[in-house]
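A short worksheet on the structure shown next.
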Amino acid sequence: LIQINFVSFAAPLATLSIMDKRGVSDRQMAATLAMVFAMGQGNVFYPLTPFGLHWLASIVISVVGGLCAAAVAWHVTGRRLSVAESPSAEALPNAEQNSQGILAVINSAGSDAIRLALGAVPMLILSLTIVGLLQGAGAIDLLQQLLKPLLSWLHIPQNFVLPALVKCVAGGTAYFGVISELIQQGKVTVDQVNASAGLLIQTFDLPGIGIFLGISSRFVRLFRFVAPAAIVGILLRTVLHLILFNASALVCAFRQAATAACSPQAMRSSTRVIIHGKNGLEVTRINVSSPTLSVPVSPRSEMVPRLMP
């Protein structure tokens with residue numbers, strides 16, 4: 001949990017490998033994998049923070065989604081898996097058996113992440129090249145036009161088709177490169193990035209699945225129990241991000257509307273109401289923003305409200 005949220009998506013690989021060598025039960029391993037797939041990765045959270053990503057909210061929601069995915073894998077999808085540890089566990093060096101502090105965990109995970117990230121550069125370049133060729137051939141624009149009715153119904157901007165495709169094919173690092181460029185070009189707003197972070201910032205993509213399942217053949221066998229739980233965790237994160245940041249946008253819009261209504265221009269454009277008595281003398285003036293006004297009048301005063309332009 002600490003490694004993936006505060007370091008990188010590749011940081012938990014060494015820990016998962018150690019867990020596999022120690023013979024951790026299938027049920028516990030499935031819950032751990034579901035948690036890792038459902039959470040966001042630090043190598044996307046931190047670079048996007050200067051562009052306006054709400055780091056604290058993203059981290060908290062990421063942890064909540066990961067724990068939810070782990071609970072679903074443990075109690076629902078993987079409830080029939082064995083809880084017994086493997087008797088053929090490999091003996092580990094003393095250095096690995098000793099408990100480590102948080103800083104030691106982050107440092108060791110960071111070195112492993114750098115090594116694995118460098119090894120993934122060729123695949124990343126190939127994926128970006130394929131996406132670039134598709135974009136140059138007009139396939140991305142065609143896909144946007146095909147999905148336009150669905151995106152309009154879901155109120156999703158069409159500019160998110162490219163980052164979503166890059167995320168699925170090339171992973172989180174490539175997604176950061178594309179979304180940061182769209183932010184600088186003004187095609188995507190910061191509120192939209194925050195609202196979509198729960199769905200698009202996670203490790204459940206083709207590169208992530210391939211890398212994590214490549215650790216052990218046991219992970220491939222457990223994947224059918226892991227995938228549904230990871231999807232549940234990602235959906236929970238998506239809903240929480242939408243609720244949090246769409247609500248913030250509505251509050252800001254309401255404040256702007258209230259400020260505009262109280263502006264001098266709005267006050268000058270208000271309707272003037274003059275109440276006249278029987279003798280025709282003007283009694284009072286009231287400025288209102290509505291074209292109609294209901295004024296309670298006492299029968300004794302015999303005054304009749306009239307709207308004047």
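All values reported here derive from a predicted model rather than from experimental measurement. All residue numbers in this chain count up from 1 along the given sequence.
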- Passes side chain to side chain contact (heavy atoms under 4.5 Å, CB included), L147 versus I156? Steps please. CA-CA 10 Å; L147 296 177; I156 299 176; over 6 Å; no

- Query: For Y46 and F176, what are the C-alpha separation, side-chain angles and deciding distance, and is it a side chain to side chain contact (heavy atoms under 4.5 Å, CB included)?
  - Reply: CA-CA 10 Å; Y46 289 106; F176 163 71; over 6 Å; no

- Message: The test is side chain to side chain contact (heavy atoms under 4.5 Å, CB included); show your working for D205 and Y175 and say whether it passes.
- Response: CA-CA 11 Å; D205 48 42; Y175 164 77; over 6 Å; no

- When you look at L235 and I231, which way does the side chain to side chain contact (heavy atoms under 4.5 Å, CB included) test go after all the steps? CA-CA 6 Å; L235 290 178; I231 293 174; 4.0 Å; yes

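Atoms CG and NZ, on L146 and K148 in that order, are 12.0 Å from each other to the nearest 0.5 Å. For the atom pair CD1 (I2) and CD1 (I4), the distance works out to 12.5 Å, reported to the nearest 0.5 Å. Note that CG of L13 and CD of Q3 are 9.0 Å apart. Values are rounded to the nearest 0.5 Å. The CZ atom of F245 sits 5.5 Å away from atom OG of S58, with the distance rounded to the nearest 0.5 Å. Atom CD1 of residue I179 and atom OG of residue S196 lie 6.0 Å apart, to the nearest 0.5 angstrom. In this structure, the separation between CZ on F45 and OG1 on T49 is 9.0 Å, given to the nearest 0.5 Å.
Residue L242 is not grouped with residue V239 when hydrophobic side chains (ILVMFWY) are merged at heavy-atom distances under 4.5 angstrom, including chains of intermediate members. F6 is connected to I201 through a chain of hydrophobic side-chain contacts under 4.5 Å among Ile, Leu, Val, Met, Phe, Trp and Tyr, so both are in one cluster. When hydrophobic clusters are built by joining Ile, Leu, Val, Met, Phe, Trp and Tyr residues whose side-chain heavy atoms come closer than 4.5 Å, directly or via intermediates, L53 is grouped together with V44. A single hydrophobic cluster is not seen to contain both L162 and L142; linkage of ILVMFWY side chains at heavy-atom distances under 4.5 Å, directly or through other members, places them apart. Linking ILVMFWY residues whenever their side-chain heavy atoms come closer than 4.5 Å, directly or via other members, leaves V72 and L222 in distinct clusters.
A donor-acceptor pair is defined here as one N or O able to donate and one able to accept, closer than 3.5 Å; such a pair exists between the side chain of Q202 and the backbone of F204. Panel note: side chain S62, backbone M39; no donor-acceptor pair is recorded below 3.5 Å. Between the side chain of S25 and the backbone N or O of A84 there is no donor-acceptor pair closer than 3.5 Å. Side-chain atoms of Q185 do not come within 3.5 Å of backbone N or O of L182 as any donor-acceptor pair. Remark: the backbone N or O of V83 is not paired with any side-chain donor or acceptor of R27 at under 3.5 angstrom. A donor-acceptor pair is defined here as one N or O able to donate and one able to accept, closer than 3.5 Å; no such pair exists between the side chain of R79 and the backbone of W74. Looking at H241, its side chain does come within 3.5 Å of a backbone N or O of N194 through a donor-acceptor pair.
Nearest approach of R218 to V24, heavy atoms of both residues: NH1-O, 2.6 Å. In plain terms, the two heavy atoms of R221 and R224 that are nearest each other are O-CG, 4.1 Å. Scanning both residues, G233 and A69, for their nearest heavy atoms gives CA-CB, 4.1 Å. Listed here is the closest heavy atom pair of S216 and D20: OG-OD2, 3.2 Å. When all heavy atoms are compared, the tightest approach of A38 to A230 is CB-O, 3.8 Å. Contact detail for S180 and F51: the closest heavy-atom pair is CB-CZ, 3.7 Å.
Residues D26 and S82 have side chains that never bring a donor and an acceptor to within less than 3.5 angstrom of each other.
Between I61 and L244 there is a side-chain heavy-atom pair separated by less than 4.5 Å. No side-chain heavy atom of T189 sits under 4.5 Å from any side-chain heavy atom of V193. Within the 4.5 Å cutoff, side-chain heavy atoms of M19 are placed close to those of T32.
Between F212 and F219, the distance from one ring center to the other does not fall under 6.0 angstrom.
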